[in-house]
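Accompanying notes for the structure given below.
Within every chain, numbering begins at 1; the chains are lettered A, B, ... in the order of the sequence lines, protein sequences first and strands thereafter.
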Amino acid sequence: MSTLQPVRGTHDLMFEDIRRHRHVQSKFSGIAERYGYSEIATPVFEATEVFARTLGDTTDIVTKEMYTFETKGGESVTLRPEGTAGVARAFVSEGLAQQAPLKFFYSGPMFRHERPQKGRQRQFHQIGVELLGVPGPQGDVEVIAMADHILKDLGLTGKITLELNSLGDHESRAAYRQVLIDFLSVRRDKLSAESRERLEKNPLRVLDSKDPADKEIVASAPRFPDHLNQISRDFFKAVQDGLGEIGIHFTLNPALVRGLDYYTHTAFEFTTEALGAQGTVLAGGRYDGLVQQMGGPPTAGIGWAAGVERLAMLLHELPALRRPFAIIPVGDAENAVAQKLCHRLRHAGFNVDLGYGGNMGKRMKRANKVNAVAALIIGENEVKQSVVTFRQLDSGEQVTVAMADLESHLALYR
RNA sequence: GCGGGCAUAGCUCAGUUGGUUAGAGCAUCUGGUUGUGGUCCAGAGGGUCGCGGGUUCGAGUCCCGUUGCUCGCCCCA
């Protein structure tokens, strides 16, 4: 047991793990591009205020989960805990308002100083999209449709359900918030300690408390949907109708909330039962107030982010790796020929493995271990006749192929 | 930040009421096979039993502490 360990909550990704990540990643970018989104890579760290200002001072992320440190120049910087703030900052600092509407997708590591557990790490990876400058419900529909599309393409249909809610516009939200506070304040003594705290900092959060006593109170609480004004109602209905028209199923969940002030209207989550306590696999919503809050012009925005680790855990089958051809020199005398052939075939586009040493038996073993389609054996006789012995490793069938014909012969087995 | 579980070979794990030299499977290496892998057979290497202390004639096993991992709470993707 080595004493040198990766930092708590971080992991080395290799072999099958990284293939899972790559698979998620490439499905995602392929589909995002199909929807007309272009990639953006913002820095993994930003000035601390980028996150502190946008996420809100009372959220756990800001109060206890950020990796914040001081640079040699005395600035406070923070490793990004999520992706939206960075994109919004780029929108403002690059003056992108002129080009709106803009459609971005991103992916990469995020950092939160939390207690690690299943589906939760201190360095984890997200994929996400942001649609900026589209105030209408068709934006919400598109972004959700894209999320659904990606999950389907990853083969996760059936394991995941879409939950939907509306937080209304600012007016509805403020009104409901007050109604809820009034309701809960009267029953304050019956609430759990945690919910009493939520009541102070983030009253909407009481709605999704897991405490049984809280649940009972919440069950009779005024409901958000009943307090939406006409504009918000119409907006929400348009989103639901839009999803219905393209056959995307969803469940309404009035308890689905977002604590921050800049969230408006649509909030959604794709959740699963398969990941223990971390059921949310992809979550997003509309954040029409965010860009303005960061000092930009009033700009509508909607987007989502998904946890790559969580998605990767749900994948059952990965696409098969391309099988290589193994080149096997029988003795040292054939090394140079083998090396040359290897180079030639790789440039012809074939996946070629050439071991670094050992006798023939060892090299055959290696060929087997790398799951080669065939071994190309080159010995004294083969060199003399300008051929290779081509052995299919699954069947053991063996034929002689002229060196000059190798490209066309290999193409049959690729 | 709070609570539970776990820690024995590279990996997955077994190890009895505390008792001799701590085991298995997989993986690795060697040989059976000097131009043939995957199967088979024979063998080998590999351990500070997480770390520190205590109890005991004797500790992988019991106790205390500590570190790490893991699951859950809070919160989140």
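- Going from the C1' atom of B:G43 to that of B:U33 covers 16 Å, rounded to whole Å.
- Here A:Arg115 lies in heavy-atom contact (under 4.0 Å) with a base.
- Between A:Ile378 and A:Leu341 the shortest side-chain heavy-atom distance falls below 4.5 Å.
- For the C1' atoms, the distance from B:C26 to B:G18 is 31 Å, rounded to whole Å.
- Residue A:Glu197 is out of contact with every strand shown, counting any heavy-atom pair closer than 4.0 Å.
- Going from atom CZ of A:Arg366 over to atom C1' of B:C29 covers 16 Å, rounded to whole Å.
- OP1 or OP2 of B:C69 has at least one side-chain nitrogen or oxygen of A:Arg8 nearer than 4.0 Å.
- When distances run from any side-chain atom of A:Arg310 to the nucleotides B:U70, B:G35, B:A77, the shortest one goes to B:A77.
- Look at CZ on A:Arg122: it is 18 Å from P on B:C75, rounded to the nearest Å.
- The C1' atoms of B:U39 and B:A22 are separated by 32 Å, rounded to the nearest whole Å.
- Separating the P atom of B:U21 from that of B:G3 is a span of 41 Å, rounded to the nearest Å.
- Across all strands shown, A:Glu114 has heavy atoms under 4.0 Å from base atoms, whether or not it also approaches the sugar-phosphate.
- With pairs defined as Watson-Crick or G-U wobble and both atom distances under 3.5 Å, the stems of at least three pairs that touch RNA chain B come out as B:1-7 with B:67-73, B:10-13 with B:23-26, B:28-32 with B:40-44, B:50-54 with B:62-66.
- A:Leu282 comes within contact range of the sugar-phosphate backbone alone, with a heavy-atom separation under 4.0 Å but no base atom that close.
- Residue-to-nucleotide contacts include no donor-acceptor pair under 3.5 Å from the side chain of A:Asn359 to the base of B:G35.
- Between A:Arg198 and B:C75 there is a side-chain N or O to OP1 or OP2 distance below 4.0 Å.
- Relative ring orientation between A:Tyr176 and A:His227 is described as tilted, the plane-to-plane angle lying within the 30° to 60° band.
- By the 6.0 Å and 45° rule, A:Arg80 does not stack over the aromatic ring of A:Phe51.
- Residues A:Glu200 and A:Arg188 are paired through a salt bridge, judged by an N-O separation under 4.0 Å between the basic side chain and the carboxylate.
- Across all strands, A:Glu309 comes closer than 4.0 Å to no nucleic acid atom at all (heavy-atom distances).
- Relative to the side chain of A:Thr389, the nucleotides B:C75, B:U36, B:A77 differ in distance, and B:U36 lies closest.
- Comparing A:Ala306 and A:Ser395 by the nucleotide of RNA chain B that holds the closest heavy atom to each, the one mapping nearer the 5' end is A:Ser395.
- Annotation: of the two residues near RNA chain B, A:Lys369 and A:Gly396, the 5′-most nearest-nucleotide partner is A:Lys369.
- Donor-acceptor pairing under 3.5 Å, judged by distance alone, is present between the side chain of A:Asn368 and the base of B:G37.
- The phosphate of B:G72 (OP1 or OP2) has a side-chain N or O of A:Gln117 nearer than 4.0 angstrom.
- Rounding to whole angstrom units, CZ of residue A:Phe15 and C1' of B:G10 are separated by 12 Å.
- Nucleotides B:C62 and B:U16 place their P atoms 9 Å apart, quoted to the nearest Å.
- No contact: A:His113 has no heavy atom under 4.0 Å from any strand.
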Open item on the list: Let's go through A:Leu354 and A:Gln339 carefully: what are the C-alpha distance in whole Å and the side-chain angles of both, what is the deciding distance for side chain to side chain contact (heavy atoms under 4.5 Å, CB included) to 0.1 Å, and is it a yes or a no?
Closed with: CA-CA 8 Å; A:Leu354 179 62; A:Gln339 185 92 57; 4.1 Å; yes
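- The residue A:Glu382 sits close to a base: some heavy atom pair falls under 4.0 Å.
- Going from the P atom of B:U20 to that of B:G31 covers 37 Å, rounded to whole Å.
- Across all strands shown, A:Glu194 has heavy atoms under 4.0 Å from sugar-phosphate atoms exclusively, and none from any base.
- Annotation: cation-pi geometry satisfied between A:Arg187 and A:Phe183 (NZ/CZ under 6.0 angstrom from ring centroid, within 45° of ring axis).
- In this structure, CD1 of A:Ile328 is placed 8 Å from C1' of B:G37, rounded to the nearest angstrom.
- Rounded to a whole Å, the CG atom of A:Leu151 is 15 Å from the P atom of B:A77.
- For NE2 of A:His316, the number of neighbouring non-hydrogen atoms (other residues, nucleotides, ligands) closer than 6.0 Å is greater than 12.
- Counting heavy atoms from C-beta outward, A:Trp304 and A:Val143 have side chains that approach closer than 4.5 Å.
- The residue A:Gly128 sits apart from the nucleic acid: no heavy atom pair falls under 4.0 Å.
- Comparing the C1' positions of B:U67 and B:A24 gives a spacing of 29 Å, expressed to the nearest Å.
- For the C1' atoms, the distance from B:U28 to B:U12 is 16 Å, rounded to whole Å.
- Residue A:Arg120 is classed as a base contact, given a heavy-atom separation below 4.0 Å to a base.
- B:A77 atom P lies 19 Å from atom NZ of A:Lys118, rounded to whole Å.
- A donor-acceptor pair is defined here as one N or O able to donate and one able to accept, closer than 3.5 Å; such a pair exists between the side chain of A:Ser408 and the backbone of A:Asp405.
- For A:Lys362 and B:U36, the shortest distance from a side-chain N or O to OP1 or OP2 is not below 4.0 Å.
- OP1 or OP2 of B:C76 sits under 4.0 Å from a side-chain N or O of A:Arg205.
- Classification of the A:Phe69-A:Phe45 ring pair by plane angle, with boundaries at 30° and 60°, yields tilted.
- Minimum interatomic distance between A:Gly9 and A:Gln121 (heavy atoms only, all atoms of both residues): O-CB, 3.3 Å.
- As judged by a 4.0 angstrom heavy-atom cut-off over every strand, A:Ala367 is placed among residues making no nucleic acid contact.
- Separating the CG atom of A:Leu275 from the C1' atom of B:C75 is a distance of 16 Å, rounded to the nearest angstrom.
- Residue A:Ile127 is out of contact with every strand shown, counting any heavy-atom pair closer than 4.0 Å.
- The residue A:Gly331 sits apart from the nucleic acid: no heavy atom pair falls under 4.0 Å.
- For A:Lys365 and B:G35, the NZ to P distance is 16 Å, given to the nearest whole Å.
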